[in-house]
Amino acid sequence: MATEKARSCAKFLESSKPYFAMISLQFGYAGMNIITKFSLNQGMSHYVLVVYRHAFATAVIAPFAFIFERKGQPKITFANFMQIFILALLGPVIDQNFYYAGLKLTSPTFSCAMSNMLPAMTFVMAVLCRMEKINIKKVRCIAKIVGTLVTVAGAMLMTLYKGPIVEMIWAKHSDPHSKNNATSTTGSPDKDWFLGCIFLIIATLAWSSLFVLQAKAIETYKSHQLSLTSLVCFIGTLQAIAVTFVVEHNPSVWRIGWDMNLLAAAYAGIVTSSISYYVQGLVIKKKGPVFATAFSPLMMIIVAIMGSFILAEQIYLGGVIGAIFIVIGLYCVLWGKHKEQKEIKVVDEIALPVKDAQIAVIAGPVIEATNNFIEIKYNQKGETNEKLSSTVVNIPIQEPAMNSSQETKA
């Protein structure tokens with residue numbers, strides 16, 4: 001009895017690992033948004049933050065890539081280098097700089113809500129690049145289209161309508177003086193708020209474009225994904241340094257000490273660019289990408305609670321309604337992708353026996369008659385080696401009945 005309980009408990013823990021991992025990742029992402037927002041409010045340049053973040057990420061990922069993937073490295077041709085260069089430009093430079101700029105002008109909760117547009121934007125980019133086909137007759141395609149439209153509608157609502165402040169239950173009895181201070185630090189004029197929304201939309205478009213291009217680059221680095229990530233982070237760091245030198249002319253912006261700025265850069269680089277990559281890769285390998293993406297709205301809820309406690313963040317009605325629209329659209333798109341993956345899996349499973357049958361037919365039967373048996377040999381290709389093996393089927397043959405004349409002769 002005790003053994004059965006221990007087995008069931010162990011089985012439950014094993015099946016719950018992906019859920020615990022993704023929930024922990026959402027807390028990690030939420031912490032990054034809160035710490036980064038606090039650092040930006042203290043005056044840190046987001047251009048410098050991007051440089052330090054990806055320098056930390058390169059320093060953490062590169063040793064693992066060297067240890068585990070140093071054999072059979074793909075040759076860096078001009079085409080491969082241009083792919084890595086554009087990936088670094090889209091991710092570490094454009095996406096991160098615009099995201100941090102939008103985060104600085106809006107709020108962590110708002111930025112997390114906007115980031116939930118990523119699956120819908122990726123679907124649009126895949127359609128434009130002809131990597132995704134649309135069939136109106138299929139429900140899954142309709143779900144992805146409707147989900148994309150609802151997501152865009154939610155983003156437009158959050159951008160154009162701010163609305164009244166939504167009071168949190170735990171913030172109703174807080175000191176009004178602290179609210180005024182929070183407004184001066186985290187709140188922003190309508191013009192800056194609108195500009196921050198535009199920055200976040202551009203960041204999401206850049207990130208979705210990176211996913212589309214990364215699908216092509218992974219074909220070359222299929223067995224060396226850590227190496228690809230290290231190269232992208234390294235080249236992205238160099239590009240971010242060049243951008244920072246052009247934009248920031250004051251050398252003092254590079255100064256960083258043992259303070260919140262260092263914590264923000266190290267936390268973003270190690271947790272959200274290194275550990276999260278490894279953990280999320282394991283979860284995607286076991287449960288699929290749809291399962292991993294489905295937890296992203298949880299980050300928005302965690303950030304809303306943490307932001308209201310730590311930063312005294314104010315949440316507006318337009319943001320709440322728009323976030324609800326974005327989450328509904330997100331799950332519509334994910335449901336369509338889930339159905340599509342199931343259809344592809346079924347087609348692959350059906351195709352396998354057909355291929356095996358074709359191999360058997362091409363090999364052809366070899367018939368040998370010995371004594372009173374017929375041996376039919378089919379050449380089959382072994383799974384462990386490439387030598388042909390034989391399967392022998394023995395079929396007994398009945399002797400013909402002797403007629404009366406043959407009996408007389410006998």
Side-chain angles (χ1 to χ4, degrees), residues 29 32-33 35-62 76 78-106 108 111 114-115 118 121 125 188 192 194-214 217 228-257 259-274 276-277:
Y29 288 135
M32 186 272 294
N33 280 275
I35 294 173
T36 301
K37 176 65 176 178
F38 189 85
S39 177
L40 294 173
N41 287 343
Q42 296 298 316
M44 186 178 186
S45 171
H46 62 84
Y47 297 104
V48 177
L49 179 59
V50 170
V51 173
Y52 286 136
R53 169 179 177 169
H54 290 90
F56 275 109
T58 305
V60 172
I61 298 176
I76 302 180
F78 179 76
N80 293 341
F81 175 78
M82 288 306 300
Q83 286 181 354
I84 296 171
F85 185 87
I86 296 173
L87 284 173
L89 186 64
L90 289 172
V93 179
I94 298 177
D95 169 64
Q96 294 299 318
N97 276 303
F98 276 102
Y99 183 82
Y100 286 149
L103 175 64
K104 188 175 183 178
L105 294 175
T106 57
S111 302
M114 280 291 193
S115 65
L118 183 60
M121 289 294 181
M125 296 297 296
S188 56
D192 292 341
F194 179 78
L195 188 61
C197 297
I198 300 301
F199 286 162
L200 291 173
I201 292 174
I202 294 173
T204 308
L205 284 172
W207 194 244
S208 61
S209 302
L210 181 140
F211 278 154
V212 173
L213 181 60
Q214 192 176 17
L228 177 62
T229 306
S230 301
L231 290 171
V232 170
C233 289
F234 175 70
I235 296 177
T237 304
L238 299 180
Q239 292 175 348
I241 291 173
V243 171
T244 306
F245 273 124
V246 172
V247 178
E248 298 285 355
H249 303 288
N250 188 4
S252 63
V253 298
W254 293 94
R255 191 176 302 137
I256 189 171
D259 51 11
M260 185 60 68
N261 296 340
L262 177 64
L263 177 62
Y267 186 96
I270 296 173
V271 176
T272 60
S273 294
S274 302
S276 65
Y277 170 80

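Values in this document were obtained by computation on a predicted structure and should not be read as measured data.
Contacts of Ile35 classified as side chain to side chain contact (heavy atoms under 4.5 Å, CB included), with partners at least two apart in sequence or in another chain: Met260, Leu263, Ala264, Tyr267. The side chain to side chain contact (heavy atoms under 4.5 Å, CB included) check on Ile84 picks up Tyr221, Leu228, Leu231, Val232, Ile235, with sequence neighbours excluded. Legend: residues meeting ring-ring contact (aromatic ring centres under 6.0 Å, His included) with Phe234, ordered by chain and number and at least two apart, are absent. Residues passing the side chain to side chain contact (heavy atoms under 4.5 Å, CB included) test with Ile256 are Met44, Tyr52, Asp259, Asn261, Leu262, sequence neighbours excluded. The ring-ring contact (aromatic ring centres under 6.0 Å, His included) test applied to Phe38 returns no partner, not counting sequence neighbours.
Rounded to the nearest 0.5 Å, atoms NE2 (His54) and CD1 (Ile241) are 12.0 Å apart. Annotation: the span from Leu213 atom CG to Gln83 atom CD amounts to 6.0 Å, rounded to 0.5 Å. Between Ile270 atom CD1 and Ser276 atom OG the span is 11.5 Å, to the nearest 0.5 Å. Between the SG atom in Cys233 and the CZ atom in Phe56 there is a gap of 13.5 Å [rounded to 0.5 Å]. Separating the CG atom in Leu103 from the CZ atom in Phe98 is a distance of 14.5 Å, to the nearest 0.5 Å. Within the model, atoms CG of Leu210 and CD1 of Ile94 stand 10.0 Å from one another, a figure rounded to the nearest 0.5 Å.
No donor-acceptor pair under 3.5 Å is formed between the side chain of Lys104 and the backbone N or O of Lys37. Within the 3.5 Å criterion, the main-chain N or O of Phe85 finds a donor-acceptor partner in the side chain of Gln239.
Between Thr204 and Ser115 the shortest side-chain heavy-atom distance does not fall below 4.5 Å. No side-chain heavy atom of Thr106 sits less than 4.5 Å from a side-chain heavy atom of Phe199. At least one side-chain heavy atom of Arg53 sits under 4.5 Å from a side-chain heavy atom of Thr272. Side-chain contact between Val271 and Met32: absent, with no pair of heavy atoms (C-beta onward) separated by less than 4.5 Å. Residues Asp95 and Leu90 fail the side-chain proximity criterion, which asks for heavy atoms closer than 4.5 Å.
Evaluated for a side-chain contact (heavy atoms from CB on, under 4.5 Å) with Tyr99, the options Asn33, Thr36, Ile202 yield exactly one hit, Asn33.
Considering every non-hydrogen atom in both Ser230 and Ile61, the closest pair reads OG-CG2, 3.1 Å. Residues Gly236 and Ala88 come closest through the heavy atom pair N-CB, 3.5 Å.
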Report, one line per pair, each donor and acceptor closer than 3.5 Å where one atom sits in a side chain of residues 245-253; sequence neighbours left out.
from, atom 1, to, atom 2, distance (Å)
Glu248, OE2, Ser45, OG, 2.8
His249, NE2, Val246, O, 3.3
Asn250, OD1, Ser252, N, 3.3
Asn250, OD1, Ser252, OG, 3.1
Asn250, ND2, Ser252, OG, 2.7

